[in-house]
Amino acid sequence: MKFNTKTIHGGQEPDKAYGAVMQPIYQTTTYAQSTPGGHKGFEYSRTHNPTRSALERAFASLENGEYGLAFGSGLASIDAVMKLLKPGDEVISTNDLYGGTYRLFKQVFEKFGIKFHFIGMENAADIEQYVNQNTKLIWVETPTNPMLHIIDIQAIAEVSKKHNVLLAVDNTFATPYLQRPLDLGADIVMHSATKYLGGHSDVVMGALVVKDKELADKLYFIQNASGAVCGPQDSFLMLRGIKTLHVRMQRHCENGKKVAEYLAKHPKVEKVYWPGFEDHPNHEVAKKQMRDFGGMLSFTTKNNDYSEAIKIVERLQIFTLAESLGGVESLAGHPASMTHASIPKEEREKTGVVDSLIRLSIGIEDIEDIIADLEQAIG
Ligand SMILES: *Cc1c(COP(=O)(O)O)cnc(C)c1O
């Protein structure tokens with residue numbers, strides 16, 4: 001099956017009971033047994049639920065993996081990966097991380113004796129100096145948020161394999177439409193399915209996909225033992241969202257390119273961060289590992305003025321000023337006053353999050369309306 005067909009049919013077949021073409025919502029916690037242990041593969045819905053199982057197969061199919069797992073949020077899925085580790089283990093992670101992932105690593109798992117190294121990974125060779133016998137996991141996000149750095153997954157996978165360390169990739173920004181980390185050598189792919197996979201800003205959910213049976217069994221054990229699963233209603237909505245992933249992504253990419261090109265020519269814009277530009281530092285890697293360049297971009301204005309940036313995002317009409325990304329609607333955010341507000345100014349500026357940085361998640365509205373909105377807001 002090719003990718004577009006997988007979004008519609010991957011892991012799914014008509015319901016066995018009545019032939020329902022869409023996966024029914026099995027709103028049940030438990031399942032009748034004819035004799036103790038005599039069940040049809042389902043005992044209790046924390047462990048398994050038929051709607052969630054269909055979704056988990058769909059996740060696996062999209063990422064060219066063997067085993068999928070669905071969780072109550074993206075962070076719950078990362079939490080499950082971290083529980084593969086034990087005190088004394090070390091993790092090497094990208095430094096331009098989603099804020100919630102950084103918080104989970106620093107404020108929850110550091111307490112349990114896990115050591116984190118946050119480093120730039122644009123150059124894969126830089127990782128080697130942080131690897132020692134305690135290193136158990138490399139955590140990669142690409143493209144990164146909000147600076148749209150690109151990291152070479154295949155090059156990192158060579159390092160992880162050489163040292164027998166697990167490689168996990170947060171594939172939220174790219175989606176399997178654009179990039180499939182397991183094909184590039186990663187062991188675990190993770191999603192905040194809340195974003196592009198669901199695609200309609202109506203479900204919070206996380207996903208993991210792996211190829212290896214032993215690793216899958218450990219993760220299924222944690223999923224059931226810790227219990228951060230998603231419900232059948234949300235699983236149904238996610239399955240429905242995924243069916244249009246390929247058409248949505250195609251339009252996100254088309255619109256993203258047009259907005260990037262429009263902003264790059266705007267007299268008030270200083271810099272546009274978008275991996276499709278030839279002068280993006282890792283443009284060649286993006287071209288190699290991604291099918292297209294996605295619908296996420298960030299930009300700064302020439303005077304780099306904090307209050308002017310806030311005025312721009314307040315003036316937007318088609319774009320909604322909001323956290324999150326990846327929905328059909330265009331969203332705008334001002335990291336310095338929103339997602340990165342708690343980080344001291346000097347610290348955030350070191351990573352490029354300057355006062356005027358605005359992050360856009362380009363939706364699938366008519367491009368003329370999107371650009372006209374930016375035109376009136378930037379002035
Ligand atoms: C949103 C997001 C997460 C966290 O996912 P939730 O579903 O909000 O828990 C993790 N990584 C990235 C890149 C995200 O954008």
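Just so you know, ligand 1 is whichever comes first in the structure, and atom 1 is the first atom listed for that ligand. Here the structure is a predicted model, which means the values were calculated and not measured.
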Nearest protein heavy atom with distance in Å, relative to [atom]:
atom: atom 7 (O) of ligand 1; result: Thr194 OG1, 2.7 Å
atom: atom 4 (C) of ligand 1; result: Tyr98 CE2, 3.4 Å
atom: atom 2 (C) of ligand 1; result: Lys195 NZ, 2.5 Å
atom: atom 5 (O) of ligand 1; result: Ser192 OG, 3.0 Å

Aromatic contact between [X] and [Y], with the criterion being ring centroids under 6.0 Å apart: yes or no?
X: Phe299; Y: His266; answer: no
X: Phe59; Y: His191; answer: no
X: Phe118; Y: Tyr102; answer: yes

Salt bridge between [X] and [Y], side-chain N to carboxylate O under 4.0 Å?
X: Arg251; Y: Glu254; answer: yes
X: Lys345; Y: Glu349; answer: yes
X: Arg315; Y: Glu308; answer: yes

Indicate, as side chain, backbone, both or neither, the part of Asp170 found under 4.0 angstrom from ligand 1 when only non-hydrogen atoms are considered. side chain
Ligand-side contact atoms (ligand 1) for residue partner Glu141, heavy atom cut-off under 4.0 Å: 13 (C)
Under 3.5 Å between any N/O of Phe173 and any N/O of ligand 1: does that happen in this structure?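 N/O-N/O distance below 3.5 Å does not exist for this pair.
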Say whether Leu325, considering both its backbone and side-chain N or O atoms, lies within less than 3.5 Å of an N or O atom on ligand 1. no
